[in-house]
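Written below as structure tokens is the structure these notes are about.
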Amino acid sequence: MYNSSMKDRVMVALDVDGADAALAMRDQLLDTVGWLKVGLRLFVAEGPALITQLRQSHRIFLDLKFHDIPNTVAQAIESAGGLGVQMVNVHAGGGLPMLQAASQAAKAFPEMLLIAVTVLTSDTMPKEQALKLALERAKLAKDAGLHGVVCSVHEAQHIKDVCGSDFITVTPGIRWGNQDTQDQNRIADPKMAIEQGSDYLVIGRPILQAASPAEAAKEAVAMMVEARQATA
Ligand code: C5P
């Protein structure tokens, strides 16, 4: 993980309204980031056909945060596996039986990482409470056999300490410079994310809304490289 290049640890959240905008953004990010994240808005609008197109150039994180009864979630994981995505997630709030069913279903797709959302980075609960809940949910996800969690940068190192350095942390809520925090609460910049043990950084609006998305992505990668050099 730590040897992979920094651009392969950036996931751009394609929170745009449809295929045209998604493909145009993809074209601007061809050589700058390794992953594209397809979330609710885009998947509801465009479905599997768009995934097939995006897969040609990037690895795909299907961020639909499944949270339902175990049988339904297991079936959804099978469908996600059939799309050939490299990462999919469920919400850890669904409880141990749901996480175990998801983990069992994911075994048929060894190339796909299964990740659990702990506490949304937009949640307004006090930081200490978010840390406690994120840790509890990370342990649950680990026990159920998942590969890692989505958490804020502020929880990443604590989760690694408890669940092991191989347990993957995916961190949204990335902002740098004078960027607007928007609806995010537990934010951090790309340098701090790497310093705190984040494996993958999810970045949406700071790249999507930049005058040059490719330049913004390169800026983030440069800060990540700087963090690695400082710890080398
Ligand atoms: O635009 P921004 O950088 O805030 O986008 C963050 C992305 O990460 C969004 O697509 C959001 O749905 C997703 N996400 C998040 N917090 C989580 C899980 C996913 O912000 N805990």
Side-chain angles (χ1 to χ4, degrees), residues 9-18 21-22 25-26 29 32-33 35-46 50-51 54 58-67 80 85 87-94 99 113-125 127 129-138 140-141 146-156 158-159 168-193 196 198-210 213 216-217 219-221 223-224:
R9 291 168 63 175
V10 176
M11 305 175 139
V12 174
L14 280 183
D15 296 327
V16 295
D17 63 0
M25 184 56 65
R26 180 274 293 274
L29 298 169
T32 37
V33 301
W35 289 75
L36 298 173
K37 183 177 84 66
V38 176
L40 289 168
R41 182 187 192 187
L42 195 54
F43 195 74
V44 169
E46 301 291 347
L50 181 64
I51 301 284
L54 295 173
H58 291 80
R59 275 169 273 176
I60 307 296
F61 172 18
L62 186 63
D63 175 24
L64 301 179
K65 304 180 181 68
F66 301 139
H67 187 169
V85 300
M87 184 181 284
V88 67
N89 62 359
V90 297
H91 200 299
L99 294 171
L113 296 169
L114 177 62
I115 303 292
V117 174
T118 52
V119 180
L120 294 175
T121 40
S122 58
D123 199 294
T124 52
M125 72 174 71
K127 240 177 165 182
Q129 200 182 328
L131 174 60
K132 189 167 172 279
L133 186 56
L135 275 172
E136 271 169 30
R137 288 181 168 169
L140 208 62
L146 276 71
H147 300 104
V149 288
V150 182
C151 61
S152 90
V153 167
H154 302 274
E155 292 112 39
H158 298 278
I159 288 174
I168 293 171
T169 53
V170 179
T171 58
I174 303 295
R175 295 291 185 274
W176 64 94
N178 295 322
Q179 287 165 355
D180 192 346
T181 58
Q182 291 145 323
D183 54 352
Q184 297 285 12
N185 274 300
R186 302 192 317 286
I187 61 164
D189 68 26
K191 183 166 181 276
M192 180 173 170
Q196 291 298 311
S198 170
D199 293 305
Y200 295 102
L201 280 64
V202 173
I203 312 178
R205 289 162 290 184
I207 289 178
L208 301 182
Q209 297 174 357
E219 221 174 275
V221 170
M223 281 183 265
M224 294 163 71

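When reading the values below, keep in mind they use all heavy atoms of this one structure, side chains included, and skip hydrogens, waters and symmetry mates. Every number for a ligand or one of its atoms is a count from 1 in the order of the listing.
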Would you confirm whether [X], through its side chain, and [Y], through its main-chain N or O, come within 3.5 Å as a donor-acceptor pair?
{"X": "D183", "Y": "S122", "value": "no"}
{"X": "H58", "Y": "R26", "value": "no"}
{"X": "R9", "Y": "S198", "value": "yes"}
{"X": "R205", "Y": "D180", "value": "no"}
{"X": "H67", "Y": "V90", "value": "no"}

Out of M11, H91, R175, who is nearest to atom 2 (P) of ligand 1 when you count heavy atoms only?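 Nearest option to atom 2 (P) of ligand 1, by heavy atoms: R175.
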Would [X] count as a contact of ligand 1 if the rule is a heavy atom under 4.0 Å away?
{"X": "P206", "result": "yes"}
{"X": "I174", "result": "no"}
{"X": "Q184", "result": "yes"}

Check whether the side chains of Q184 and T181 place a donor and an acceptor atom closer than 3.5 Å, and report yes or no.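 The criterion, which ignores hydrogens and geometry beyond distance, is not satisfied for T181 and Q184.
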Only counting residues at least two apart or in another chain, list the ones meeting ring pair (Phe, Tyr, Trp, His ring centres under 6.0 Å) with W176.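 Expected list: none.
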Set of ring pair (Phe, Tyr, Trp, His ring centres under 6.0 Å) partners for H147, sequence neighbours left out: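 None.
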Nearest to [atom], what protein heavy atom do you find, and at what distance?
{"atom": "atom 9 (C) of ligand 1", "result": "D15 OD2, 3.3 Å"}
{"atom": "atom 13 (C) of ligand 1", "result": "K37 NZ, 3.7 Å"}
{"atom": "atom 12 (O) of ligand 1", "result": "K65 NZ, 3.7 Å"}
{"atom": "atom 3 (O) of ligand 1", "result": "G204 N, 2.8 Å"}
{"atom": "atom 16 (N) of ligand 1", "result": "T121 OG1, 2.9 Å"}

Proximity to ligand 1 by part of L120, non-hydrogen separation under 4.0 Å: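 Under 4.0 Å from ligand 1, L120 contributes backbone and side-chain atoms.
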Heavy-atom contacts with [X] under 4.0 Å: which atoms of ligand 1 show up? List them by number with element.
{"X": "A13", "result": "7 (C), 10 (O)"}
{"X": "V202", "result": "7 (C), 8 (O)"}
{"X": "R205", "result": "1 (O), 2 (P), 3 (O), 4 (O)"}
{"X": "V150", "result": "17 (C), 18 (C), 21 (N)"}

If you round to the nearest 0.5 Å, how far is CD of Q179 from CD1 of I207?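 Between atom CD1 of I207 and atom CD of Q179 there are 9.0 Å.
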